[in-house]
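The sequence lines fix the lettering, A, B, ..., with proteins before strands; numbering per chain opens at 1. These numbers come from the heavy atoms of this one structure, side chains and all, not from hydrogens, waters or symmetry mates.
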There are 2 protein chains.
Amino acid sequence: MTPSTSLTRAWIRLMRAQRVVLGAIEQDLKSAGLPPLGWYDVLLELSRVEAGRLRPYEIEDRTLLAQPNLSRLLDRMERMSLVRREAFAGDGRGQWVVITEAGRVMRERMWVVYAASLQAHVGAKLADAEADGLADLLAKLSR
Amino acid sequence: MTPSTSLTRAWIRLMRAQRVVLGAIEQDLKSAGLPPLGWYDVLLELSRVEAGRLRPYEIEDRTLLAQPNLSRLLDRMERMSLVRREAFAGDGRGQWVVITEAGRVMRERMWVVYAASLQAHVGAKLADAEADGLADLLAKLSR
DNA sequence: CGGATATAAATGCAACTGCATCTATATCGA
DNA sequence: TCGATATAGATGCAGTTGCATTTATATCCG
């Protein structure tokens, strides 16, 4: 049941590439005095939906964050006034997570840095056609 | 400076694929009662070299582990008798990290599970030629 | 209706990471 | 040779993650 060398090599490079690029991006965000990428993911999901609000479990599904981690991430974001929690009428257990105006502003500020960083660390190394090929191959892995 | 959609899509899928596959592999190791993947990486590097020993900074270079993290990982591995630290003659600041027989056995036990997991979570989804293509594209990113 | 079960989210705790700092030893240059 | 600087590795601490458990509310079924 030993995987082929092709396979092993691809996996090792996947780990390495992700680590290198993610590290570089996080570093760029930190240098700009901005919060880590996880915050961006949450803000993006919230700003994508019309009402600017989602249930925590919906955010979970979209971001692959584990429930307790999301709960505490929301605590931190709420402390920074980027989101606010509101009661969910109709189910006493539930709540809405609502993005604030400050949250929208933060998402945009983060995107400026994130986009430049992506361009520098990925875009500069991959032509568009290559990126498409990569995306297709990677898509097979998450399914 | 906005990255193309191709680029963004590739990056998001890279993050997702790595998270999904790594999560599955770690889960398989844990289910088998084995330590996490980081331990494997260290054991592998040590077992690869003829004398079965490396300086900590050499392990760092090969695994991308941060120095303080490696230092403590070695503590844990030493507690489990998988490696042992020895003085490095010729530089009083340095040391050797030596893999023990138990360490070699552990590496092999981990590889059995790791290999099966890789096969299941990557191999089953990617033909060899695709894996080669993926590896080539990913190689461009770490450079 | 009322007890068993399920679901939404929070909390406690241990392990791990990143980061800054510290200690000890080496090296370099006046 | 000696003080300044660099390097190897360890340690302290705060922030984060994973995992198990808890709390509160819903739902389901006899």
Please enumerate all protein N or O atoms sitting under 3.5 Å from an N or O of nucleotides 5-7 of chain D, with distances to 0.1 Å.
from	atom 1	to	atom 2	distance (Å)
D:dT7	O2	B:Arg93	NH1	2.6

(message) Rounding to an integer number of Å, can you tell me how far A:Glu26 CD sits from D:dT16 P?
(response) 11 Å
(request) Name the closest nucleotide to the A:Asn69 side chain, picking from C:dT11, D:dG18, C:dA8. (result) D:dG18
(request) Nearest whole angstrom, please: distance from the P of C:dT11 to the CG of A:Leu73. (result) 15 Å
(request) May I ask you to decide if A:Arg55's main-chain N or O and A:Gln95's side chain share a donor-acceptor pair within less than 3.5 Å? (result) no
(message) Measure CZ/A:Arg79 against P/D:dA14 and give the value in whole Å, please.
(response) 15 Å
(message) Pick the closest DNA chain D nucleotide for A:Gly90 and for B:Glu60 by heavy atoms, then say which residue is nearer the 5' end.
(response) B:Glu60
(request) Check for a donor-acceptor pair, side chain of B:Thr100 on one end and backbone N or O of B:Ser81 on the other, with a separation under 3.5 Å. (result) yes
(message) If the cut-off is 4.0 Å, is B:Lys30 near the phosphate of D:dC19, judged by side-chain N/O to OP1 or OP2?
(response) yes
(request) Pick base, sugar-phosphate or nothing for A:Asp91, based on heavy-atom distances below 4.0 Å to the nucleic acid. (result) sugar-phosphate
(message) Around atom CZ of B:Arg109, are there more than 12 heavy atoms from other residues, nucleotides or ligands closer than 6.0 Å?
(response) no
(request) Tell me whether A:Val20 is reachable from B:Leu22 by hopping between hydrophobic residues (I, L, V, M, F, W, Y) whose side-chain heavy atoms are closer than 4.5 Å. (result) no
(message) Using only atom types and a distance under 3.5 Å, with no angle test, would you say the side chain of A:Arg13 pairs donor to acceptor with the backbone of B:Ala135?
(response) yes
Restricting to nitrogen or oxygen on both sides, can you table the protein-nucleotides 1-4 of chain C pairs closer than 3.5 Å?
none

(request) Can you tell me the distance, in whole Å, between the CD atom of A:Glu58 and the C1' atom of C:dA8? (result) 12 Å
(message) In whole Å, I'd like the distance from the CZ atom of B:Phe88 to the P atom of D:dG9.
(response) 9 Å
(request) With heavy atoms under 4.0 Å as the rule, sort B:Arg72 into base, sugar-phosphate or nothing. (result) base
(message) Please report the end-to-end axis angle for the helix from C:dC1-D:dG30 to C:dA30-D:dT1, five pairs per end, rounded to 10 degrees.
(response) 10°
(request) Flag the pair A:Val83 / A:Val98 as yes when at least one side-chain heavy-atom distance between them is below 4.5 Å, and no otherwise. (result) no
(request) Check the distance between C:dA10's P and A:Gln67's CD and give it to me in whole angstrom. (result) 7 Å
(message) Strictly below 4.0 Å: does A:Arg85 bring a side-chain N or O up to OP1 or OP2 of C:dA9?
(response) no
(message) Measure CG/B:Leu29 against P/D:dG18 and give the value in whole Å, please.
(response) 16 Å
(request) Check whether any side-chain heavy atom of A:Met106 sits under 4.5 Å from a side-chain heavy atom of A:Leu43, and report yes or no. (result) yes
(message) Which is more 5' along DNA chain C, the nucleotide nearest B:Gly92 or the one nearest B:Ala66? Just name the residue.
(response) B:Ala66
(message) Check whether B:Ser117 reaches the backbone of B:Val113 with its side chain - one donor and one acceptor, N or O, closer than 3.5 Å.
(response) no
(message) Measure CG/A:Asp61 against P/C:dT7 and give the value in whole Å, please.
(response) 13 Å
(message) Which label fits A:Trp111 and A:Tyr40: parallel for a plane angle under 30°, tilted from 30 to 60°, or perpendicular past 60°?
(response) parallel
(request) Please examine the side chains of A:Leu70 and A:Thr63, heavy atoms only from C-beta on, and report whether any two atoms are closer than 4.5 Å. (result) no
(message) Does B:Asp132 form a salt bridge (Lys or Arg N to Asp or Glu O under 4.0 Å) with A:Arg9? I'd like the steps, not just the answer.
(response) CA-CA 8 Å; B:Asp132 286 336; A:Arg9 197 154 40 92; 3.1 Å; yes
(request) Please examine the side chains of B:Leu14 and A:Leu134, heavy atoms only from C-beta on, and report whether any two atoms are closer than 4.5 Å. (result) no
